[in-house]
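Working notes for the structure below.
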Amino acid sequence: MSLKIFDTLQGQKLPFEPLNPGKVGIYVCGPTVYDMAHIGHARAYVAFDTVVRYLRRRYDVTYVRNYTDVDDKIIKRANERGEEPNVLSQRFIREFETDMTALAVKPADIQPKVTEHIPEIIALVDKLVANGAAYASGGDVYYAVQKFANYGRLGRRALEDMEAGARVEPGDLKRHPMDFALWKAAKPGEPFWESPWGNGRPGWHIECSAMSAKYLGETFDVHGGGKDLIFPHHENEIAQSEAASGKTFVKLWMHNGFVTIDNEKMSKSLGNFFTVRDVLGKFDPQTLRYFLLTTHYRSPINFSDTTLKEVEGRVKYLYETLLRLEDKLQDEGSANAPYRMDWVANVVGRFEEAMDDDFNTAKALGDLSEVFTAVNDILAKPGDVATDLRTLRALKQAIQEVGSVLGLFVEPPRDVLSRMQGRRQAASGVDAAAVETLLAERQAARKSKDFARADAIRKELTAMGVTIKDSPTGTTWELA
RNA sequence: GGCGCGGUACCCAAGUGGCUAAGGGAAGGGUCUGCAAAACCCUCAUUCAUCGGUUCAAAUCCGAUCCGCGCCUCCA
């Protein structure tokens, strides 16, 4: 049982071995906080949250995920809104954290902000200028890509190929078109910090080099982010960090695939953009999380309302099963009866097999389906009481253990189900009291065997979007 | 143009050299039910874009072709 992870740099799955036995340092590029988080963010952070949760089963993990809280887009947005950049970024950090909490994404161990690491950044830029990897030009400082032999290795592209397409502005301060800014001179009205090169602010890529080194060291185990960060962001991080330290920057690179809409990358220019908040207005956070885990993290995942509806139905089934299971387990059980099926003892083992193969949550979820079916099977067709209870207990424990890694099935099923029901009810505008009245009327009709009347009422309810379930303990209802 | 990824049933989606091609949804049949709903059971790809090749053996490896997507500019 050994963990294999796909490394972007090598282009293949590799057995994972931490640099320091028992310990893992992982850095994931966080959001630039100038707007609400979108589903692409949700995907990335749910994916890495799951990775980290799984790694923590075996290692002492230090997980760092930054906030980029100073950048062109933030300044632009703040100006548009007549707001201070730092006020705007702080606000979107809070919104981001609200969304992540809803999605059961645990905070990273360290969540550094760029604005709180300016001295480290300046020191790093200074070092790069001193050793010739970078040069000051105007009030800016640029990284000289030609000085870094491996430039383009992560993104699999040659410097010569890139020059052709690069736009060279007249009077550009860069020596080479692909050189990128480590430090940008402040324009009037922009936030700035004092530096040896004048007032300015960090370029986009340098922050991650500076902050990862500070918290994880000059060489660390895993660096992750979305596929769109491979080039130039991560390429540039490697160039900066390795030119400064002379050491290998990162042992293994992980990149998650995109969220697509109609099979095209989600982007504002295409107008196919959904925020997490939009989606959580229509679907349960557990639905979104489950959906994001149904496809392997490196593949694209296509988002649509139809799919989410389907997934919510599934998630509802899972929680209803859990609810039935819990109710059943109220009964006192036996200690060492046999299991009803022999695979029961190995549910977690199978889960680890799936996760060990580059965190295959899609496979893991597929396997889990059989567990839930088994639970319902036992509940629907009870056999020997002692055997059933022992089996159900074991299955419940396995579901909980697997769920604690996937970030599912942690909340009480009743809470999740009533949250879903509440959202549907609010959206449909159905009056619960009116439904109850009709149900009481139908109950009376049924009691007097007036089934025609009872069915007429059910038809009426169906027209309202209400589905009812009769059971020995009473009638419940829900919105389709 | 350069580089990369992918095409598995009606839909979504695992599987990347060898037991019966996971799982979910939809659909059809059944059990249960006054009838339903829910739940459970059964059925549902001799076949993995196409064409060649390698191999005792390929959805899985190689080549070609067609189609879709992404990166090369800010992006998770």
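Protein chains get the first letters and strands the later ones, always in sequence-line order, with residue 1 at the start of each. We use all heavy atoms of the structure for the numbers below, so side chains are in, but hydrogens, waters and symmetry mates are not.
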- Quick one: label A:Leu229 by what it contacts on the DNA or RNA (base, sugar-phosphate, nothing), any heavy atom closer than 4.0 Å. sugar-phosphate
- Would you say the side chain of A:His38 and the base of B:A76 hold a donor-acceptor pair, judged only by whether the two atoms sit under 3.5 Å apart? yes
- Message: Taking any heavy-atom pair under 4.0 Å as a contact, classify A:Arg298: base, sugar-phosphate, or nothing.
- Response: nothing
- Message: Would the base of B:G25 count as contacting A:Arg314 through its side chain, where contact means a donor and an acceptor less than 3.5 Å apart?
- Response: no
- Message: Check the phosphate of B:A37 against A:Arg458, side-chain N and O only, distance under 4.0 Å to OP1 or OP2. Yes or no?
- Response: no
- Checking all strands, does A:Arg157 fall into the base, sugar-phosphate, or nothing category for heavy-atom contacts under 4.0 angstrom? base
- Message: At 4.0 Å (heavy atoms only), tell me whether A:Arg442 reaches a base, stays on the sugar-phosphate, or touches nothing.
- Response: base
- Query: Does the B:C74 base have a donor-acceptor partner in the side chain of A:Asp71 within less than 3.5 Å?
  - Reply: no
- Query: Under 4.0 Å: is that the gap between some side-chain N or O of A:Tyr317 and OP1 or OP2 of B:C40?
  - Reply: yes
- Item | Among B:G24, B:C69, B:C35, the one nearest A:Arg446 by side-chain distance | B:C35
- Which is true for A:Thr295 with a 4.0 Å heavy-atom rule: it touches a base, it touches only sugar-phosphate, or it touches nothing? sugar-phosphate
- Per the side chain to side chain contact (heavy atoms under 4.5 Å, CB included) rule, which among A:Asp367, A:Leu408, A:Leu368, A:Val371 passes with A:Val402? A:Leu368
- Output yes when A:Asp179 and A:Lys147 qualify as a salt bridge under the 4.0 Å nitrogen-oxygen rule, no when they do not. no
- Task: Please confirm whether any donor atom in the side chain of A:Asn360 sits under 3.5 Å from an acceptor in the base of B:G15, or the reverse.
- Result: no
- Message: If the cut-off is 4.0 Å, is A:Lys265 near the phosphate of B:C71, judged by side-chain N/O to OP1 or OP2?
- Response: yes
- Note on the structure: Applying the Watson-Crick and G-U criteria (both distances under 3.5 angstrom) with [ ] for crossing and | for other-strand pairs, one obtains for RNA chain B ((((((((.[[[..)..(....]]].(((((.......))))).....[[[[[..)....]]]]])))))))....
- Query: Could you state the CG-C1' distance from A:Asp377 to B:C32, rounded to the nearest angstrom?
  - Reply: 14 Å
- Message: Regarding A:Asn263, tell me which of base, sugar-phosphate or nothing describes its non-hydrogen contacts under 4.0 Å with the strands shown.
- Response: sugar-phosphate
- Sugar-phosphate only, base, or nothing, as touched by A:Val28 at under 4.0 Å among non-hydrogen atoms: nothing
- Task: Tell me what A:Phe258 touches on the nucleic acid: a base, only sugar-phosphate, or nothing, going by heavy atoms under 4.0 Å.
- Result: base
